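Just so you know, these numbers come straight off a predicted model, no measurement behind them.
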Amino acid sequence: MRRTHRNRPMLEVAEMDLNGLILSHQTLRWIILGFGIATIYRTWRGWIAGRTWESRDTLTMLGFTSALNLQMLMGVMIYLNSPLTRMNLATWSLPTSGAELVFFGWIHPVGMLIGGLSAQAIASVTKRMESSTAKFRLTAIGMTVVMLGILALVPWPGLAHGRSLWPRAL
């Protein structure tokens, strides 16, 4: 449901549903990590060993990109319903905002969208390639860079904006 009032979410999600969405978002990061590591391992190994691209390589990459796409969808829903977003949009003061507002209001969502869209672009280009060597090279390098970027944007415990490693409601 779309509302025009500044203090209301653009898409309404009940508070209980928002906590469930956050829990799912936190849980899915471990699935993404698993598929990401598997994708990176398989593609670097395939490239170095000169293997032929197999359907398992495609399925691993598909698992990674699908989990990232679902994570991005959940992230957008959380972002549109978050009180932090409303505070950020109300002030528009990036340099003077607290670390948590800056991170969750701008850095995390923008960086993760770039990472997820980059992974999808790499997967789309890889699908169209003929050469196994080229597929492995592009996917190994590209997905490694994407995964490093994603890992840099996770709110790790100990950071000013850190969250628990294990899923829990806010």
Side-chain angles (χ1 to χ4, degrees), residues 18 20-82 84-85 88 94 99-170:
L18 185 59
L21 199 55
I22 290 168
L23 284 170
S24 299
H25 190 72
Q26 292 172 347
T27 302
L28 189 55
R29 82 174 120 188
W30 296 106
I31 295 168
I32 290 169
L33 184 63
F35 272 116
I37 290 169
T39 299
I40 291 166
Y41 173 76
R42 287 189 64 82
T43 54
W44 278 100
R45 192 183 76 187
W47 183 22
I48 291 167
R51 282 192 311 104
T52 302
W53 186 270
E54 300 173 355
S55 61
R56 281 189 284 165
D57 300 312
T58 301
L59 287 174
T60 306
M61 184 173 55
L62 180 63
F64 181 52
T65 55
S66 296
L68 275 173
N69 289 337
L70 180 58
Q71 186 79 326
M72 284 191 308
L73 177 62
M74 284 191 283
V76 166
M77 291 173 67
I78 292 167
Y79 185 80
L80 292 176
N81 289 281
S82 169
L84 290 175
T85 302
N88 260 334
L94 184 66
E100 187 174 34
L101 282 177
V102 172
F103 183 77
F104 286 110
W106 302 104
I107 297 169
H108 181 74
V110 171
M112 291 298 193
L113 277 172
I114 290 169
L117 294 173
S118 298
Q120 189 61 55
I122 292 164
S124 296
V125 170
T126 299
K127 250 194 256 185
R128 293 179 184 88
M129 294 177 135
E130 297 292 325
S131 163
S132 287
T133 302
K135 283 183 176 191
F136 280 123
R137 182 179 52 241
L138 172 65
T139 308
I141 295 169
M143 294 303 190
T144 299
V145 170
V146 166
M147 185 60 108
L148 290 173
I150 287 170
L151 290 172
L153 294 169
V154 170
W156 298 109
L159 298 174
H161 50 270
R163 297 287 190 258
S164 171
L165 283 179
W166 307 112
R168 63 188 176 110
L170 297 179

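The main-chain N or O of W53 is found under 3.5 Å from a side-chain atom of S132 such that the two form a donor-acceptor pair. A donor-acceptor distance shorter than 3.5 angstrom exists from the side chain of R128 to the backbone of S124, with no hydrogens or angles considered. When atom types are taken as modelled, the side chain of W156 and the backbone of L151 share a donor-acceptor pair closer than 3.5 angstrom. Although no hydrogens or angles enter the test, the distance criterion places a donor-acceptor pair under 3.5 Å between the side chain of T65 and the main chain of M61.
Relative orientation of the F104 and H161 rings is perpendicular, given thresholds of 30° and 60° on the angle between their planes.
The side-chain heavy atoms of I22 and M74, taken from C-beta on, include no pair separated by under 4.5 Å. Residues V154 and M112 meet the side-chain proximity criterion, which asks for heavy atoms closer than 4.5 Å. Looking at R42 and M143, their side chains never come closer than 4.5 Å, going by heavy atoms from C-beta outward.
With F64 as reference, L68 is the one residue of L68, T60, L62 to meet the side-chain contact (heavy atoms from CB on, under 4.5 Å) rule. Remark: of the listed residues T126, T144, T58, T126 is the sole one forming a side-chain hydrogen bond (donor to acceptor under 3.5 Å, both in side chains) with T139.
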*CA sep, side-chain torsions, deciding dist, call: M147, L33, side-chain contact (heavy atoms from CB on, under 4.5 Å)*: CA-CA 8 Å; M147 185 60 108; L33 184 63; 4.2 Å; yes

*Hey, mind stepping through R29 and Q71 against side-chain contact (heavy atoms from CB on, under 4.5 Å) and telling me if it holds?*
CA-CA 8 Å; R29 82 174 120 188; Q71 186 79 326; 4.1 Å; yes

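Of all heavy-atom pairs spanning W44 and A140, the tightest one is NE1-O, 3.2 Å.
Residues forming a side-chain hydrogen bond (donor to acceptor under 3.5 Å, both in side chains) with H108 (at least two apart in sequence, or on another chain): none. Contacts of W47 classified as side-chain hydrogen bond (donor to acceptor under 3.5 Å, both in side chains), with partners at least two apart in sequence or in another chain: none.
Atoms OG1 and CG, on T39 and L59 in that order, are 10.0 Å from each other to the nearest 0.5 Å. We find the OG1-CD1 distance between T27 and I32 to be 11.0 Å, quoted to the nearest 0.5 Å. Note that NE2 of H25 is 11.0 Å distant from CE of M72, once rounded to the nearest 0.5 Å. T43 contributes atom OG1, which lies 9.5 Å from atom CD1 of I48 (distance to the nearest 0.5 angstrom).
Under the 4.0 Å criterion applied to side-chain N and carboxylate O atoms, K135 and D57 are not assigned as salt-bridge partners.
Atom CZ of R45 is surrounded by more than 12 heavy atoms from other residues, nucleotides or ligands within 6.0 Å.
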Side-chain donor-acceptor pairs of residues 113-121 under 3.5 Å, sequence neighbours excluded:
unit_1 : atom_1 : unit_2 : atom_2 : d
S118   : OG     : I114   : O      : 2.7
Q120   : OE1    : N69    : ND2    : 2.8

